[in-house]
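Below: the structure, in C-alpha cells.
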There are 2 protein chains.
Amino acid sequence: MKPLIKLASKEEDAKELQYYSKEDQVLLAVDCIIFGFDKKNLKILLVKRDIEPQKNRWSLIGGFLKKSENLDTAAIRVLQRLTGLQHVYLEQLNTYSKIDRDPGQRTISVAYFALIDVASHSFDGIQIDAAQWFNLKKSPQLVFDHNEMVEDAIRRLKRRALTKPIGFELLPEKFTMRQLQNLYESILDKKLDKRNFINKVNTLNILDKLYEKDMSSSRKGSFLYQFDAIKYQQKLDEGLIFKL
Amino acid sequence: MKPLIKLASKEEDAKELQYYSKEDQVLLAVDCIIFGFDKKNLKILLVKRDIEPQKNRWSLIGGFLKKSENLDTAAIRVLQRLTGLQHVYLEQLNTYSKIDRDPGQRTISVAYFALIDVASHSFDGIQIDAAQWFNLKKSPQLVFDHNEMVEDAIRRLKRRALTKPIGFELLPEKFTMRQLQNLYESILDKKLDKRNFINKVNTLNILDKLYEKDMSSSRKGSFLYQFDAIKYQQKLDEGLIFKL
DNA sequence: TTTGTATGTGTGTAAGATACACTTATAAAA
DNA sequence: TTTTATAAGTGTATCTTACACACATACAAA
C-alpha cells in the first residue's frame, strides 16, 4: 500500500504565500483570569465592561496584543494596567478561537491565569465601579466565552496545586497552617484532614516555622510560617514532585 | 490604604477601540507536532520547508488560520492536507509569540499535537521528498522555535500518558502487551517491569483480551488485546484517574 | 527430537495514604 | 483571680498502593 501523504501543489503554495502577508490577519486579544485568596475564600477579579458589545456585563480583564510585544508581555501589561501589580505569577492557559466568540469582531483570545495574594497588595476594599473581587463560587455570568476560560483556569489551578507548591503565590509572606489548608481546600474544593495535611506539608520541608504567632484567629494563637524558596529550589533540583 | 486599581481613561479606551479594528492585526499560524509509533519507536513527522525563509530546513507542518475557521479546524485541515488523515487525536498545546520567532514575518503560532498510529494508516514507507518520519531521539534541528514546541509536546505527551490511556491512540486496533509496554517505555523514556506493567494495565480493566495471537514477534506468539472504549468510558464516569 | 526465544505469570516487602480524638495555650468573661 | 470558650497542636495503627524480583511454557525452526 502506498503512503497517503500528499504535498500541496505549487499553486497552493503560491496562494499560501499570498496569505502570508495580509488576507487572514486577525486581532489577538489577551484575557487574564486573576485568582486571589483572602484568608478564607478563593476569589476572582472581574471588571464591568465599559464598551460595546455587551457593555456593562462582567468580564475578565483583557487587551489586545501589540505588534511590539509578545503574549507574556501583553498579559503583564494588561494586568498591571488594572491592578498596578508586577511580579505576579502568570501562566499561559489556552487560546480560544470560536468564530463568533466576540460578536463585534473576529478575535482570537489567549487566556492567561494569574495568582495574587489579595491581602499583601492592599486589595481588601476594592470597590471601584468597574473592578471587583468575586467569591469564585458566587461569580456572575461573564461575556463571550469567558466562563469557559474560567472553568479551564480552575482545572489548571487544581492540577498545579497538586504538583507544585503554587498555593504560596496566593498567600501573604507569613501565613498560618490553617490558612494554607484553607487555601488548598478552596482550590481542591474539598475538606482535608488537619493532621494529615500538616504531616504532608512538613514532609515537603519547604516551610520555615517562625517564632511568631498570629493571634487574630484564636485565643491560643497559631504559629506563622514562611515559604523557603531556597529549600524549595533544592527539592526541585533533586527532582521532587509535590503532591498534596 | 487605598486600592491600587485604576481604570484606563476614556482617552485610552478610545485608542483601544481604534486598535479594535486594524492596527495590531497579526498572522496566526497553526503548527502540528505529529507523533507516531511503529511497534518499537516513537516517531515524529517532519517536512522539508519549501519556501523562504529557511527553505530546505526541517520543520513542523503548519499553515495559517483562515478567517472562516477556528483553530481546531485549521489544525485538522493542515493535518489532513499533509497526511490525508481525519479523526486523529489532536490537542491544542500552547501559543508561541516571540517577536522575531519567524524572521520573515511577525507571526504568532498555535501549536497542536497529534497522535497517529503509523502502522494502521499505511505510513510505513513514507519517502516523499518533503515529508519524513524521524525517530524522536534522532530528529534534526528544526526551523524557528519548532524545537521548543516539540519539547513542550513531549512533556505534554508524558503527562497525558500518565493520566489518560492516551497511548492507545498510537497503536493499531489490535496490539500485544509488549507493544503497549514498548510504547509507554518510549513515551516515558524509561524501562518498565513487565509483570508490574501487565498487572497495572489489567487493574485498569479497559482492555479486552482476544483469543487470537500475533505470531510475528516470537515462536510462542503473544495474545492480542483491544482497547474497550465502553469500559473506559465507565471508568471515566466513575471518576477514575489513570496512572501507569 | 532438540533448541532457542519471547511470552506469561504471583508474591512478599516497603512506602505512602488515610482515618481518627484528646490535650493545650490563651483571651475574654465572670 | 478563676472559669470558660475556642481553635491550635500533636501521633499511631491500619489499609492501600508501588515495587522488586525469577522461572516455566508454548511454539517454530533447525
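Reminder, nothing fancy here: chain letters follow the sequence lines and each chain counts from 1.
The distance from atom CZ of Phe197(B) to atom P of dA18(D) is 14 Å, rounded to the nearest whole Å. Rounded to whole Å, the distance from NZ on Lys194(B) to P on dT9(C) is 10 Å. When the C1' atom of dG8(C) is taken as reference, atom CG of Leu224(B) falls 15 Å away, rounded to whole Å. Distance, Lys200(B) NZ to dC19(D) C1': 8 Å, rounded to whole Å. The distance from atom OH of Tyr225(A) to atom C1' of dG9(D) is 9 Å, rounded to the nearest whole Å. Between the P atom of dA17(C) and the CZ atom of Arg195(A) lies a distance of 17 Å, rounded to the nearest Å. Taking atom CD1 of Ile198(B) as the reference point, atom P of dA18(D) lies 17 Å away to the nearest angstrom. Rounded to whole Å, atom P of dC21(D) lies 17 Å from atom NZ of Lys191(B).
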Exercise. After noting the C-alpha distance and the side-chain angles of Tyr96(A) and Asp152(A), does the key distance pass the side chain to side chain donor-acceptor pair (under 3.5 Å) rule?
Worked result: CA-CA 11 Å; Tyr96(A) 299 82; Asp152(A) 290 346; 2.5 Å; yes
Problem set entry | Steps toward side chain to side chain donor-acceptor pair (under 3.5 Å) verdict (Asp214(B), Thr176(B)) | CA-CA 7 Å; Asp214(B) 172 335; Thr176(B) 67; 5.4 Å; no
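At a threshold of 4.0 Å, the pair Lys43(B)-Asp38(B) counts as salt-bridged, since one of the basic side-chain nitrogens sits closer than that to a carboxylate oxygen. Ion pairing between Glu185(A) and Lys190(A) fails under the 4.0 Å rule for side-chain N and carboxylate O.
Using modelled atom types, no side-chain atom of Arg57(B) and backbone atom of Arg49(B) make a donor-acceptor pair closer than 3.5 Å. Judged by distance alone, the side chain of Glu173(A) and the main-chain N or O of Gln226(A) form no donor-acceptor pair under 3.5 Å.
For Lys220(B) and dT25(D), a side-chain-to-base donor-acceptor distance below 3.5 Å is present, hydrogens and geometry of angles not being considered. Not a single donor-acceptor pair, N or O on each side, falls under 3.5 Å between the base of dA28(C) and the side chain of Arg219(A). Between the side chain of Asn196(B) and the base of dA20(D), at least one donor-acceptor pair of N or O atoms lies under 3.5 Å.
Contact check of residues 202-217 of chain B against DNA chain D (heavy atom, cut-off under 4.0 Å) returns Met215(B).
Between Tyr225(B) and Phe175(B), the ring center distance fails the sub-6.0 Å criterion.
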